[in-house]
S.K.: 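Questions regarding the structure given below will be posed in turn.
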Amino acid sequence: MSQPTFETNRLTLRPMRADDRDAVIKIFADPASSKYLTRDMSDPVNAATSFERWLGWGSPNGMGTWLLDLNGLVIGVGRFTPSDRLPGKVIEVGWFIARTHAGQGYATEALRTLLDYGIRTLGLPAIWALIHKHNDPSIRLAKSLGFLDIADHYQLAGPARIHVLLPPAENNGLDAQPTLRTERLVIRPLREEDRRDVRDIFSDPVQTRYLSKDAQEPGWADKMFDHRLAYDGPTGTGHWAFIEDDILVGIGHLRPSSELPGDVAEIGWYLGAAHQGRGLATEAAIAIRDYGLHTLRLAAVWALVHRDNDASQRLANRLGFLDVGTGVHYDDLHRVYAVLPRTTVR
């Protein structure tokens with residue numbers, strides 16, 4: 001698929017050409033405009049090097065670099081490329097407007113068109129943006145376009161925030177939370193009769209060391225269980241018990257995140273200490289992950305894993321989750337993971 005040209009109300013968004021070199025160098029000429037970039041693009045050498053790299057990358061699968069052309073004058077650039085800064089070669093969007101034309105709505109106009117093209121035509125499962133944490137205009141623009149501010153990330157230009165745009169949610173057609181089955185497990189909705197077994201699992205300090213500070217308080221397990229039983233979220237989501245040979249060995253969930261923005265779907269899994277080391281957590285997590293992505297048709301499934309929980313981090317990596325950054329969640333620092341329909345592995 002070739003890279004198309006777009007016409008907006010005021011702009012022509014066209015693929016970059018070899019004879020655009022001087023025009024691209026010119027839009028980056030103001031030193032103040034480069035302070036949030038990974039290199040000083042006001043240096044003509046740096047700008048020329050980037051131009052040659054972008055031009056050489058071409059336009060595979062309909063992606064590439066577009067110039068924002070205002071009546072024959074190049075005033076900015078917009079790009080879709082596999083990211084070399086985020087894991088998994090996810091598709092990253094980038095934009096830049098010459099300072100002489102900033103603040104006039106041109107970036108919004110161009111990005112609305114490019115993002116719609118990426119989601120609707122290219123069918124991208126998500127579009128990512130890495131924005132310097134002090135770049136307030138770009139942060140406001142991303143938010144206005146529907147991006148979710150997800151996690152911290154460090155880049156050469158300094159601390160940044162990871163933002164992601166997800167496609168609209170689809171109607172899953174379900175009328176109840178289902179029971180899932182794997183080779184060894186029945187993964188059924190949690191019920192009152194599971195209370196004692198769940199309490200026993202979380203009575204082990206090893207099991208609660210990566211949870212919130214409240215988990216150390218007396219009666220926490222019952223309060224947590226009550227909260228799960230009372231869940232009344234989107235149809236098809238909820239809390240499950242992991243049953244092996246009529247024994248409850250763990251619990252898990254898939255529900256709107258209380259920590260991440262946009263009510264994105266968050267997965268979690270907990271396995272009793274006596275049942276660890278046999279691959280049951282992997283088995284259960286795969287089943288819930290695939291149910292979320294393929295049955296519920298979620299745009300992404302997210303996981304928050306404590307920074308010191310090496311076992312769960314390894315499991316998330318094995319299951320194709322992308323480690324996209326960090327953030328303080330559940331009273332402590334966590335790694336932020338996301339898995340998309342096209343990144344799942346077994």
Side-chain angles (χ1 to χ4, degrees), residues 61 63 80-83 85-93 114-131 142-143 145-153 160-174 177 180 233-240 252-269 282 284-305 312-313 315-327 329-330 334-346:
N61 302 316
M63 294 184 285
F80 276 143
T81 57
S83 179
R85 303 185 292 178
L86 297 174
K89 293 296 181 181
V90 296
I91 301 305
E92 184 178 346
V93 64
L114 292 179
L115 295 174
D116 184 75
Y117 166 70
I119 295 292
R120 296 180 184 275
T121 303
L122 297 182
L124 298 176
I127 298 173
W128 302 77
L130 193 56
I131 304 175
K143 183 178 181 180
L145 294 172
F147 280 82
L148 303 176
D149 184 347
I150 289 294
D152 291 322
H153 185 86
R161 294 288 297 174
I162 295 173
H163 302 253
V164 63
L165 179 69
L166 301 171
E170 298 183 37
N171 185 348
N172 59 53
L174 297 178
Q177 180 187 352
L180 311 175
T235 303
T237 64
H239 301 266
W240 284 267
H253 61 259
L254 183 67
R255 42 92 175 141
S257 178
S258 61
E259 295 285 320
L260 295 172
D263 288 334
V264 295
E266 182 183 335
I267 190 176
W269 55 84
T282 300
I286 286 175
I288 297 175
R289 176 204 69 183
D290 287 354
Y291 165 71
L293 293 177
H294 305 308
T295 302
L296 295 183
R297 298 192 294 275
L298 297 171
V301 173
W302 299 80
L304 297 173
V305 182
S312 285
Q313 290 184 39
L315 175 54
N317 288 326
R318 288 200 303 273
L319 297 187
F321 280 81
L322 305 175
D323 183 350
V324 299
T326 61
H329 301 288
Y330 304 114
H334 282 63
R335 304 298 306 180
V336 180
Y337 288 88
V339 64
L340 308 174
R342 297 181 186 178
T343 62
T344 56
V345 296
R346 290 185 180 274

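Since we're looking at a predicted model, the values are computed, not measured. These values consider heavy atoms only, across backbone and side chains, with no hydrogens, waters or symmetry-generated copies.
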S.K.: Would you say the side-chain atoms of R289 pair up with the backbone N or O of L319, donor to acceptor, closer than 3.5 Å?
M.R.: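 Yes: the side chain of R289 pairs with the backbone of L319.
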S.K.: When rounded to the nearest 0.5 angstrom, what is the spacing between OG1 in T121 and CG in D116?
M.R.: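 Spacing of OG1 (T121) from CG (D116) equals 6.5 Å.
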S.K.: Taking side chain as C-beta onward, heavy atoms only, is L315 less than 4.5 Å from F321?
M.R.: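 Sidechains of F321 and L315: no contact.
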S.K.: Not counting sequence neighbours, which residues clear side chain to side chain contact (heavy atoms under 4.5 Å, CB included) with P87? List them please.
M.R.: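 Once residues adjacent in sequence are excluded, the partners of P87 under the side chain to side chain contact (heavy atoms under 4.5 Å, CB included) criterion are L322.
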S.K.: Please test F80 against I127 for side-chain contact (heavy atoms from CB on, under 4.5 Å), starting from the C-alpha separation and ending with a verdict.
M.R.: CA-CA 9 Å; F80 276 143; I127 298 173; 3.8 Å; yes
S.K.: Using side-chain heavy atoms (C-beta onward) and a distance below 4.5 Å, is L148 in contact with L260?
M.R.: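 Heavy-atom side-chain distance check fails, nothing below 4.5 Å.
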S.K.: For G320 versus V339, what's the shortest heavy-atom pair and its separation?
M.R.: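 Minimum heavy-atom contact is O-CG2, 3.7 Å.
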S.K.: Without swapping roles, check the side chain of H334 against the backbone of H329 for a donor-acceptor pair under 3.5 Å.
M.R.: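 Flag set: sc H334 to bb H329 pair under 3.5 Å.
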S.K.: Within the structure provided, determine whether W302 and I150 are in side-chain contact (heavy-atom separation under 4.5 Å).
M.R.: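 They are in contact (side-chain heavy atoms under 4.5 Å apart), so the answer is yes.
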S.K.: Nearest heavy-atom pair of P234 and P256: which atoms, and what distance?
M.R.: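 Reported closest heavy-atom pair: CD-CG, 3.5 Å.
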S.K.: Heavy atoms only: give me the nearest R85-S83 pair and the separation to one decimal.
M.R.: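 That would be N-OG, 3.0 Å.
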S.K.: Go through it in stages, so that I can follow the logic: the residues are V164 and V90, the test is side-chain contact (heavy atoms from CB on, under 4.5 Å), and I'd like the CA-CA distance, side-chain angles, deciding distance and then a yes or no.
M.R.: CA-CA 10 Å; V164 63; V90 296; over 6 Å; no
S.K.: What pair of heavy atoms forms the shortest contact from L166 to P125, and how long is it?
M.R.: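 In terms of heavy atoms, the two residues are closest at CD2-O, 4.2 Å.
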S.K.: Taking the side chain as every heavy atom from C-beta outward, state whether D263 and S257 have any atom pair closer than 4.5 Å.
M.R.: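 Not touching, per the 4.5 Å side-chain cut-off.
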S.K.: Could you give me the CA-CA distance, side-chain angles and deciding distance for L165 and L145, then say whether side-chain contact (heavy atoms from CB on, under 4.5 Å) is met?
M.R.: CA-CA 8 Å; L165 179 69; L145 294 172; 5.8 Å; no
S.K.: Would you say L130 and E92 make side-chain contact, with heavy atoms under 4.5 Å?
M.R.: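 When only atoms from C-beta onward are counted, E92 and L130 do touch, with a gap below 4.5 Å.
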S.K.: Return the CG to CG distance between D323 and L86, rounded to the nearest 0.5 Å.
M.R.: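 CG of L86 is found 10.5 Å from CG of D323.
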S.K.: Quick check: closest heavy atoms across V336 and T326, and the distance to 0.1 Å?
M.R.: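 Minimum heavy-atom separation between V336 and T326: CG2-C, 4.1 Å.
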S.K.: Around atom CG of N61, are there more than 12 heavy atoms of other residues, nucleotides or ligands at under 6.0 Å?
M.R.: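 No, because the 6.0 Å sphere around CG of N61 holds 12 heavy atoms or fewer from other groups.
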S.K.: In Å, rounded to the nearest 0.5 Å, how long is the span from CD1 of I286 to CD1 of I288?
M.R.: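 Reported to 0.5 Å precision, the distance equals 11.0 Å.
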S.K.: What is the minimum heavy-atom distance between A287 and L180, and which atoms define it?
M.R.: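 Scanning both residues completely, I find the closest heavy atoms to be O-CD1, 3.9 Å.
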S.K.: What do the steps show when you test Y291 against I267 for side-chain contact (heavy atoms from CB on, under 4.5 Å), and what is the final call?
M.R.: CA-CA 11 Å; Y291 165 71; I267 190 176; over 6 Å; no
S.K.: How many angstroms lie between atom CZ of R335 and atom CG of L304, to the nearest 0.5 angstrom?
M.R.: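 If we round to the nearest 0.5 Å, R335:CZ and L304:CG are 11.5 Å apart.
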S.K.: Measure the shortest side-chain to side-chain distance between L122 and I91 over non-hydrogen atoms and say whether it is less than 4.5 angstrom.
M.R.: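 SC-SC contact between L122 and I91 ruled out.
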S.K.: Quick one: are D152 and R161 in side-chain contact, heavy atoms under 4.5 Å?
M.R.: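 Contact flag for D152/R161 side chains = yes.
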S.K.: Taking the side chain from Q313 and the backbone from V305, do they hold a donor-acceptor pair closer than 3.5 Å?
M.R.: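 Side chain of Q313 to backbone of V305, a donor-acceptor pair under 3.5 Å: no, none is there.
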S.K.: Do the rings of H253 and H239 sit parallel, tilted or perpendicular, given the 30° and 60° boundaries?
M.R.: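 Tilted: the ring planes of H253 and H239 meet at 30° to 60°.
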